[in-house]
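Report on the following structure.
This structure is a prediction, so every number in the text was calculated from the model and none was measured.
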Amino acid sequence: MTFTTDNPLTWQYLEIHAQSRAKIANSRVFVSQLIQEKHAHGWSPEELHFQHPEISLAAIYSALSYYYTYQSQIDAQIAQEQHTIQALQADLIQRGIGHYSSNFKQKLQAKRGQQG
């Protein structure tokens with residue numbers, strides 16, 4: 001899902017990539033990732049910084065400011081990403097691939113048996 005920003009604001013500490021996906025400058029962390037962690041764990045900006053010490057607290061606040069400015073659009077991006085992930089997982093289950101393969105399950109059970 002893409003959205004455009006009509007506002008000529010600049011976001012210090014952020015890089016805006018294709019499809020208006022914002023990430024923390026000089027990192028691999030997208031704003032949507034921080035928001036999902038914040039929502040999933042109830043983390044404060046300080047806790048997000050603790051979990052990502054490579055990202056300054058100022059950059060985290062900038063990411064939060066960007067999120068709250070474009071909240072509905074970013075929430076829609078997150079929902080689309082979650083839908084895609086669920087569809088891929090359903091496909092893996094249906095095909096019996098990866099963690100869903102009988103071979104993987106047998107190896108896991110054997111490993112558990114060795115530990116007990």
Side-chain angles (χ1 to χ4, degrees):
M1 167 170 254
T2 64
F3 67 93
T4 58
T5 57
D6 296 330
N7 197 339
L9 292 175
T10 58
W11 300 93
Q12 190 173 8
Y13 307 108
L14 301 182
E15 297 171 353
I16 312 301
H17 289 271
Q19 302 173 336
S20 298
R21 292 210 53 210
K23 77 176 196 70
I24 307 297
N26 303 314
S27 80
R28 295 181 177 183
V29 179
F30 283 91
V31 170
S32 60
Q33 177 186 346
L34 284 178
I35 295 307
Q36 289 178 76
E37 291 176 8
K38 179 181 181 341
H39 290 164
H41 305 292
W43 288 345
S44 66
E46 291 76 14
E47 182 63 25
L48 287 166
H49 175 60
F50 179 78
Q51 297 296 326
H52 297 279
E54 73 282 7
I55 301 173
S56 72
L57 191 56
I60 289 171
Y61 275 106
S62 183
L64 293 172
S65 174
Y66 182 84
Y67 169 70
Y68 289 118
T69 301
Y70 301 107
Q71 184 172 357
S72 62
Q73 296 96 326
I74 294 171
D75 285 346
Q77 284 178 341
I78 291 169
Q80 180 61 43
E81 291 169 4
Q82 292 298 319
H83 176 73
T84 300
I85 290 167
Q86 291 169 353
L88 291 171
Q89 286 177 331
D91 185 50
L92 290 175
I93 290 169
Q94 182 180 11
R95 293 175 178 216
I97 297 174
H99 293 106
Y100 304 103
S101 71
S102 59
N103 186 30
F104 178 81
K105 291 176 184 177
Q106 289 170 356
K107 286 182 180 180
L108 184 60
Q109 287 175 346
K111 183 80 169 170
R112 287 180 179 161
Q114 291 174 354
Q115 294 174 355

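In this structure, S65 contributes its side chain and Y61 its backbone to no donor-acceptor pair below 3.5 Å. Using modelled atom types, no side-chain atom of H49 and backbone atom of I60 make a donor-acceptor pair closer than 3.5 Å. The backbone N or O of A58 lies less than 3.5 Å from no partner atom in the side chain of S62, so there is not a single donor-acceptor pair. A donor-acceptor contact shorter than 3.5 Å links the side chain of K23 to the backbone of S27.
For the 3.5 Å distance criterion, the side chains of E37 and H52 qualify, holding a donor opposite an acceptor. No donor-acceptor contact under 3.5 angstrom links the side chains of Y13 and N26, judged on distance only. Side-chain N/O atoms of Q86 and Q82 include no donor and acceptor closer than 3.5 Å.
The side-chain heavy atoms of F30 and I35, taken from C-beta on, include no pair separated by under 4.5 Å. Taking 4.5 Å as the limit, some side-chain heavy atom of I16 sits within range of a side-chain heavy atom of Y66. At a threshold of 4.5 Å between non-hydrogen side-chain atoms, the residues D75 and Y67 count as touching. In this structure the side chain of I78 reaches within 4.5 angstrom of the side chain of Q36, judged on heavy atoms. Here the side chains of E54 and V29 are in contact, with some heavy-atom distance below 4.5 Å.
Linking Ile, Leu, Val, Met, Phe, Trp and Tyr residues whenever their side-chain heavy atoms come within less than 4.5 Å places L14 and Y68 in a single cluster.
Of all heavy-atom pairs spanning P45 and L64, the tightest one is CG-CD1, 3.6 Å. Across all non-hydrogen atoms, the minimal contact from L34 to L48 is O-CD2, 3.9 Å. Across all non-hydrogen atoms, the minimal contact from I24 to A59 is CD1-O, 3.9 Å.
More than 12 heavy-atom neighbours from other residues, nucleotides or ligands sit within 6.0 angstrom of CD on E46. Shown here is H83, whose NE2 atom has no more than 12 heavy atoms of other residues, nucleotides or ligands within 6.0 Å. Shown here is F104, whose CZ atom has more than 12 heavy atoms of other residues, nucleotides or ligands within 6.0 Å.
In this pair, H41 and W43 present their aromatic rings parallel. The plane angle is below 30°, not in the 30 to 60° band.
Note on residues 78-103: pairs passing salt bridge (Lys or Arg N to Asp or Glu O under 4.0 Å), not counting sequence neighbours, are R21-E81, D91-R95.
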